[in-house]
2 protein chains.
Amino acid sequence: MLYTVGEMAKKLGVAPSTLRYYDQEGLLPFVERSSGGIRVFKDSDYEWLQVIGCLKKTGMQLKDIKSFIEMAMQGDETIEPRLALIVKQKESVKAQIAELEETLRTLEFKQWYYETAKKTALPPFRGIWHLTNCRSNFEKCV
Amino acid sequence: MLYTVGEMAKKLGVAPSTLRYYDQEGLLPFVERSSGGIRVFKDSDYEWLQVIGCLKKTGMQLKDIKSFIEMAMQGDETIEPRLALIVKQKESVKAQIAELEETLRTLEFKQWYYETAKKTALPPFRGIWHLTNCRSNFEKCV
DNA sequence: TTTTGACTTAAAGGTGACTTTAACTTGTAT
DNA sequence: ATACAAGTTAAAGTCACCTTTAAGTCAAAA
């Protein structure tokens, strides 16, 4: 199965210009061209693009994704550094999750605060600190 | 306790230029000035800045944080929309966590793949699909 | 009082990731 | 054969978020 840039973009849910930009930036060295110069995407290219998408979701920059793709194109001799990079990204994603969970807890406290303020028509906490599940690093209740 | 822009920046772990930029963008309407025009940060301003930091961590844009701050400056009459916004951000953060957890699972599979490839010096999966904990939305093993 | 370091502003510069534009080409459908 | 949608490129534009620069001011210490 073969695809034009527009078809592949649709399949991925991105703009065609995004794929052209990635190609220009050297992220798509695997994509071939027709005799007339038109990009021809294969199913295996879709899988490459899924890898790019996965790395992007980890917050990796395009230039680093490019390096990864270049390594992968080299073949099995680059398995070690690629593995190292995957492990590094795993740790990064774990840290991002931990930070978002902390942020979530802060938001939950703020929600509780606003809901209490609404009910009582007064700021909460008039000597009831010990009753609340409030956060140790307590912040201004805005 | 009072702070200059440099001291507050240090306390927050950001560049002084960042605080000046936020002020310029209208995110810090609460910060007062000395007679000579120097910004004077109070402890309560630190707490405002923590709120800004929290919202930034949810991925909110500066212009939306500005709206939130402006509402909070209005007082209790804006509690309802502020609560709604907090709840919305909570959902957004939950979705971000879910996506990162999915990404993490993909990375874990890739790590397993590379480690197996290293051991066997051959790509994994030669009829052993059913033995693996591999992902249903299987991707090219790059 | 003078020095010195940190402050002030407006304006320009930088970065990352695209998107848009303009002029042109390709390739399929009638 | 011709039209036409969708492809091509280089270059410029956009957006969010800062950072840097330049020229000048403030205020605490020597």
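To find a chain, count down the sequence lines: A is the first, B the second, and so on, and within it residues start at 1.
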Positional range of nucleotides in DNA chain C within the contact set of chain B, heavy-atom, under 4.0 Å: dC7(C) to dT9(C)

Could you list the donor-acceptor pairs under 3.5 angstrom formed by side chains in residues 8-20 of chain B, with sequence neighbours left out?
| residue | atom | partner | partner atom | Å |
| --- | --- | --- | --- | --- |
| T18(B) | OG1 | A15(B) | O | 3.4 |

Pairs involving residues 2-27 of chain B, ordered by first then second residue, that meet ring pair (Phe, Tyr, Trp, His ring centres under 6.0 Å) (sequence neighbours left out): none

Set of residues satisfying salt bridge (charged side-chain N to carboxylate O under 4.0 Å, His left out) with respect to E25(A), sequence neighbours excluded: none

N or O in side chain of R20(B) less than 4.0 angstrom from dT21(D) OP1/OP2: no

Write down the protein N/O and nucleotide N/O pairs, taken from nucleotides 16-20 of chain D, whose separation is under 3.5 Å; answer none if there are no such pairs.
| residue | atom | partner | partner atom | Å |
| --- | --- | --- | --- | --- |
| dA16(D) | OP1 | K63(B) | NZ | 3.0 |
| dC17(D) | OP2 | L62(B) | N | 3.2 |
| dC18(D) | OP2 | Y22(B) | OH | 2.7 |
| dC18(D) | OP2 | K56(B) | NZ | 2.9 |
| dT19(D) | OP2 | S17(B) | OG | 3.0 |
| dT19(D) | OP2 | T18(B) | OG1 | 2.5 |

Residues that K90(B) engages under side chain to side chain contact (heavy atoms under 4.5 Å, CB included), provided they are two or more places apart: L104(A), L107(A), E108(A), Q111(A), K94(B)

Listed partners of E115(B) passing salt bridge (charged side-chain N to carboxylate O under 4.0 Å, His left out), at least two apart: none

Members besides V40(B) in its Ile/Leu/Val/Met/Phe/Trp/Tyr cluster (side-chain heavy atoms under 4.5 Å): L2(B)

Partners meeting salt bridge (charged side-chain N to carboxylate O under 4.0 Å, His left out) with D43(B) (sequence neighbours left out): none

Salt bridge (charged side-chain N to carboxylate O under 4.0 Å, His left out) involving E7(A) - partner list, sequence neighbours excluded: none

Sequence-aligned protein contact record of nucleotides 22-30 of chain D, with B where the base is within under 4.0 Å of a protein heavy atom and S where only the sugar-phosphate is: ----SS---

Listed partners of T58(A) passing side-chain hydrogen bond (donor to acceptor under 3.5 Å, both in side chains), at least two apart: Q89(A)

Residue pair Q96(B) / S92(B), side-chain donor-acceptor N/O under 3.5 Å: yes

